[in-house]
Amino acid sequence: MRRFQHYIDGEFSDGEASYPSIDPASGAVWADMPEAREADVDRAVNAADRALYDGPWPKLTATQRGKLLYKLADLVAANAHVLAELETRDTGKIIRETSAQIAYVAEYYRYYAGIADKIEGAYLPIDKPDMDVWLRREPIGVVAMVVPWNSQLFLSAVKIGPALAAGCTMVVKASEDGPAPLLEFARLVHEAGFPAGVVNIITGFGASCGAALGRHPKVAHVAFTGGPETARHVVRNSAENLASTSLELGGKSPFIVFADADLESAANAQVAGIFAATGQSCVAGSRLIVERSVKDRFVALLREKAEAIRIGAPLDMATEVGPLATRRQQDNIGALVAKSIESGARLVTGGRKIDGEGYYFPPTILDCDDVASPSLIEEFFGPVLSVVSFETEAEALRLANDTRYGLASGVFTQNLTRAHRLMKGLRAGIVWVNTYRAVSPIAPFGGFGLSGHGREGGMAAALDYTRTKTIWLRTSDDPIPDPFVMR
Ligand SMILES: NC(=O)C1=CN([C@@H]2O[C@H](COP(=O)(O)OP(=O)(O)OC[C@H]3O[C@@H](n4cnc5c(N)ncnc54)[C@H](O)[C@@H]3O)[C@@H](O)[C@H]2O)C=CC1
Ligand SMILES: CN(C=O)/C=C(\CC(=O)O)C(=O)O
């Protein structure tokens, strides 16, 4: 059985406890994971705090930090296949996607390597003749990073990359479900030569590890990705240390198809948007809002594509849909589909878990026209698409915005002016027009409403890991005048 360790203060060590990790394709235990509790969390945060103020890290120039990041990027690219296999094994995400996604994760580190020495302060044109005033941009401090199990290397890269560029130190908490790829990634951090304590990587459970980390007195910022309910705990805990937070949460993203769209292309994008990653994507286009005149044709096309999907072993390159990451996911998705059908949603395809080994659930489509289906409101985080239709553009927009989430959205139309109106009208952090689930280190992503706040990716994300310090220098040699008047 494989055994993994934590990475704390530049050393690999066991946790205070350990727990078994399950291969979602078989339901069998395949690895032993370390479990961090309060004492390990404290050790990791103290290591990060020491590395922030003492030792080599704060003395490095920004260019030197960038060089370490370039080295890390090269190591991620060279080891993408190893990391991909571990992620697939521990989470069930298909190897076809993990190998491509992790190779691209290297580009995120490369992008932030280039940004490290482009984070500039400012000189202020101050309104006093005898003063020079400028702003220094300094690292925000020790950052706690908490990520969920899906795309852990991607979701941590969008935090670790900008935080390192800004000069922060950090404790990364891998999800308790499928932590293997992130714990293995620690070996690359070590090999890249980051000073001890700059990046610490642990795993453990939400209440005993995540919560202890988020409220630790030496943590200055919590960068969290996960569900809105957990985010509420994170924000409540931040009342203890008054840490700032950035929250990348879930979604119930609309996917709008107008009758003039290229329906074949839109159907492929819809498959990518809801069935890829077995629907376990924060940006999943889980609500299809389709123009009534093409609804039957479009849903028939989707059904045909959904039923042709190759479901199978995630380590097989030919597999298109693998298992869900956990039995909990499989049970929750099955229960929500059943509840939706009870509410009147009509099953087009799929609908019941696949019996046998592993946590499989088939691509599922629910026709929810004229039904108050819970599937239109609650996030499945699984391969379930809910369909409604519209007559007018205004109705399409109203349906799309009828959600408390606001992460992503998709619009399929050949009408340019309509596309522009929707770009403005959609209440979501991302609008994809005639495409879906495209990402880049250069393009920020993040949500509105229950999908959270803060943006990851892009230059601004690096600035978010800094805080400014205002420096006042008096340039006059005359004695300070009247000490009782503010200058
Ligand atoms: N917007 C985005 O970029 C993304 C959002 N997500 C969202 O994540 C969710 C699915 O992932 P799950 O692992 O089920 O989410 P989750 O919210 O249950 O767990 C996420 C992480 O939070 C930790 N955690 C749990 N309780 C905590 C507490 N009290 N304090 C601090 N940390 C705690 C967990 O151990 C885990 O590491 C979905 O809602 C999904 O939409 C997932 C991927 C990307
Ligand atoms: C974050 N993202 C897009 O902006 C997409 C992801 C990441 C995730 O959900 O883990 C994806 O679709 O896999």
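Just follow the structure's listing: the first ligand is 1, and inside any ligand the first atom is 1. As a basis for the values below, the full set of heavy atoms in this structure was taken, side chains included, without hydrogen atoms, waters or symmetry mates.
- Below 30°, between 30° and 60°, or above 60°: for F445 and F154 the angle between ring planes is below 30°, a parallel geometry.
- Under the ring-ring contact (aromatic ring centres under 6.0 Å, His included) criterion, the residue pairs touching residues 200-235 are Y19-F205, H221-Y465, with sequence neighbours excluded.
- Of the N and O atoms on the side chains of S26 and E357, not one donor lies less than 3.5 Å from an acceptor on the other residue.
- With E378 as reference, K339 is the one residue of K252, R287, K339 to meet the salt bridge (charged side-chain N to carboxylate O under 4.0 Å, His left out) rule.
- At a cut-off of 3.5 Å, with distance as the only test, a side-chain donor of D90 or W30 sits close to an acceptor on the other residue.
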Once you restrict both partners to nitrogen or oxygen, which atoms of ligand 1 have a protein partner under 3.5 Å, and how far apart are they?
unit_1: ligand 1; atom_1: 1 (N); unit_2: L249; atom_2: N; d: 3.4
unit_1: ligand 1; atom_1: 1 (N); unit_2: L249; atom_2: O; d: 2.7
unit_1: ligand 1; atom_1: 8 (O); unit_2: G226; atom_2: O; d: 3.4
unit_1: ligand 1; atom_1: 13 (O); unit_2: W149; atom_2: NE1; d: 3.1
unit_1: ligand 1; atom_1: 17 (O); unit_2: G227; atom_2: N; d: 2.8
unit_1: ligand 1; atom_1: 17 (O); unit_2: T230; atom_2: OG1; d: 2.6
unit_1: ligand 1; atom_1: 30 (N); unit_2: A211; atom_2: N; d: 3.4
unit_1: ligand 1; atom_1: 35 (O); unit_2: K173; atom_2: NZ; d: 3.0
unit_1: ligand 1; atom_1: 35 (O); unit_2: E176; atom_2: OE1; d: 2.6
unit_1: ligand 1; atom_1: 35 (O); unit_2: E176; atom_2: OE2; d: 3.4
unit_1: ligand 1; atom_1: 37 (O); unit_2: V147; atom_2: O; d: 2.8
unit_1: ligand 1; atom_1: 37 (O); unit_2: K173; atom_2: NZ; d: 3.0
unit_1: ligand 1; atom_1: 39 (O); unit_2: E379; atom_2: OE1; d: 2.7
unit_1: ligand 1; atom_1: 41 (O); unit_2: E379; atom_2: OE1; d: 3.4
unit_1: ligand 1; atom_1: 41 (O); unit_2: E379; atom_2: OE2; d: 2.6

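- Close placement of the F412 and F255 rings is indicated, their centers lying within 6.0 Å of each other.
- R303 is listed as a side-chain neighbour of T349, based on a closest heavy-atom distance under 4.5 Å.
- In this structure, R187 is positioned above the aromatic face of F12, its NZ or CZ under 6.0 Å from the six-membered ring centre and within 45° of the axis.
- Residue pairs meeting the salt bridge (Lys or Arg N to Asp or Glu O under 4.0 Å) criterion with at least one partner in residues 15-26, sequence neighbours excluded, are D23-R89.
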Give one line per pair: atom of ligand 2, protein atom, distance. Only N/O to N/O under 3.5 Å.
unit_1: ligand 2; atom_1: 9 (O); unit_2: N150; atom_2: ND2; d: 3.3
unit_1: ligand 2; atom_1: 9 (O); unit_2: C282; atom_2: N; d: 2.8
unit_1: ligand 2; atom_1: 10 (O); unit_2: N150; atom_2: ND2; d: 2.7
unit_1: ligand 2; atom_1: 10 (O); unit_2: S151; atom_2: OG; d: 3.0
unit_1: ligand 2; atom_1: 12 (O); unit_2: S281; atom_2: OG; d: 2.6
unit_1: ligand 2; atom_1: 12 (O); unit_2: R437; atom_2: NE; d: 2.6
unit_1: ligand 2; atom_1: 12 (O); unit_2: R437; atom_2: NH2; d: 3.3
unit_1: ligand 2; atom_1: 13 (O); unit_2: R437; atom_2: NH2; d: 2.9

